[in-house]
Each structure stands twice: as structure tokens, then as C-alpha cells.
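Residue numbers count from 1 along this sequence.
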Amino acid sequence: SDVCSSDLLVMVKLAQLAIVPDDVYVCQRFSDAAHIGVDNVSCRQMVMRMIRMLRLCDYDTSLILHVLAAALVHLARVFRITDKRMEDNERVSIAVLQCYNAHCYLVDEACPMKYWQQGIYADYCDVRVLNLAALKLLKILKYNLSLSEEDVNVEMELLKRGLKFE
């Protein structure tokens with residue numbers, strides 16, 4: 001019963017931030033794939049705030065899913081190279097920041113870093129630190145954000161499994 005109540009608490013906290021109800025499930029699947037602790041409410045809320053911000057930027061569901069899927073493909077490479085004993089708060093910060101990099105790669109008119117900082121990282125760091133961290137991620141990826149359609153599709157299926165998206 002403790003597991004159910006903690007799952008429910010996380011779902012309720014995420015639902016309070018969601019613009020589209022299905023975003024809660026997408027957030028949970030992304031967080032699971034990024035290996036964020038299942039009961040870590042604050043880290044999962046950070047992912048949800050990012051999805052909410054992308055909605056507020058008027059990105060449609062398909063684009064949001066593509067950004068998250070691309071980031072997951074990149075993160076598999078990043079997490080292979082970085083320390084495996086990373087805490088959830090560091091892991092989620094990297095995961096969300098890689099979503100920033102992925103969205104810059106995929107979107108013609110990207111949402112500026114200052115809005116990511118204000119909406120997601122305000123309590124964590126300033127824009128300068130965030131820019132340096134984004135560049136460090138790019139360096140880890142050897143400045144190569146190219147993706148195979150196959151890899152992205154695997155992550156897309158994981159993110160939208162059971163949901164009724166357009």
C-alpha cells in the first residue's frame with residue numbers, strides 16, 4: 001500500500017503541473033527511461049515543468065515527443081560516459097538540459113535558454129552556468145546531435161505506448 005500511495009502522490013503532484021493530462025504519463029515514462037527514482041517527486045516535477053514549458057511555447061504533442069525521444073537517444077550516450085553513481089537531481093538536470101539541446105537541434109525557432117532557466121532551473125543555477133553545462137553535454141556528444149530514425153522511433157514508442165496521440 002505504501003508503494004501505491006507514493007505512486008499516487010507523484011501522479012497527483014505531476015497532474016497539478018500538466019496542461020494536457022497525458023503529459024503525466026509521458027513525464028513518468030521519460031523519467032523512468034532517464035533512471036530518475038520512481039518516488040522522487042521534485043525530480044519528476046522538473047521533467048513535468050519542462051514539458052509544461054514546451055506546451056506553453058505552443059509546441060504540439062508530436063514535436064514534444066520527438067524532443068524527448070531525441071534526448072533519450074543522446075542521454076544513452078551521455079550516461080555511458082559520465083559517472084554511473086549520479087544522484088537523481090544531477091541526472092534529471094542533465095536529462096532536462098539535453099532536452100534543451102535536442103529541441104534546439106529539432107526546432108526552427110527554439111525557446112531561448114533564459115526561459116528554460118526561469119521556468120525550470122531558477123532555484124538551481126543561472127543562465128551562464130546553464131549555457132556552460134549545455135556546451136559540456138555537446139562536448140561529451142562530440143558536438144554531434146545526429147540521430148538514427150530507428151533509435152528515435154524506439155524511444156517514441158516507449159513514450160507514447162497506450163496513449164491516444166494524434
Stepwise side-chain contact (heavy atoms from CB on, under 4.5 Å) check, L63 with D60: CA-CA 5 Å; L63 182 57; D60 66 16; 3.3 Å; yes
Step by step, would you call N40 with S42 a side-chain contact (heavy atoms from CB on, under 4.5 Å)? CA-CA 6 Å; N40 195 325; S42 64; 3.3 Å; yes
Set out, in order, the CA-CA distance, both residues' side-chain angles and the distance that settles side-chain contact (heavy atoms from CB on, under 4.5 Å) for V10 and V38, then state yes or no. CA-CA 8 Å; V10 173; V38 289; over 6 Å; no
Walk me through it: do D22 and T61 pass the test side-chain contact (heavy atoms from CB on, under 4.5 Å)? CA-CA 10 Å; D22 277 346; T61 297; over 6 Å; no
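In this structure, OG on S93 lies 4.0 Å from CE on M46, to the nearest 0.5 angstrom. Distance check: S31 OG to I51 CD1 gives 7.0 Å after rounding to the nearest 0.5 Å.
For the pair M11/Q28, a side-chain contact is recorded, criterion being any heavy-atom separation below 4.5 Å from C-beta on. Taking 4.5 Å as the limit, some side-chain heavy atom of H66 sits within range of a side-chain heavy atom of V152.
Judged by distance alone, with hydrogens and angles left aside, the side-chain atoms of D151 form no donor-acceptor pair with the main-chain N or O of V73 at under 3.5 Å. At distances below 3.5 Å, not a single donor-acceptor pair connects side-chain atoms of D23 with backbone N or O atoms of M48. Between the side chain of R49 and the backbone N or O of I120 there is at least one donor-acceptor pair closer than 3.5 Å. Under the 3.5 Å distance criterion, the side-chain polar atoms of H74 are matched with a main-chain donor or acceptor of L145.
Put simply, L135 and Y105 are part of the same group of oily side chains (I, L, V, M, F, W, Y) that touch within less than 4.5 Å, one to the next. Residues M113 and L132 do not share a hydrophobic cluster, clusters being chains of Ile/Leu/Val/Met/Phe/Trp/Tyr side chains in contact below 4.5 Å. Residues V129 and I94 do not share a hydrophobic cluster, defined by chaining ILVMFWY side chains whose heavy atoms lie under 4.5 Å apart. Placement of V78 and V154 in two distinct hydrophobic clusters is found when ILVMFWY residues are connected by side-chain heavy-atom separations under 4.5 Å, directly or transitively.
For N144 and S146, the side-chain atoms include at least one donor-acceptor pair closer than 3.5 Å.
Within the structure, every pair that satisfies the salt bridge (charged side-chain N to carboxylate O under 4.0 Å, His left out) test and touches residues 24-37, not counting sequence neighbours, is listed here: D32-R44. Identified under the side-chain hydrogen bond (donor to acceptor under 3.5 Å, both in side chains) test for residues 106-122, with sequence neighbours left out: none.
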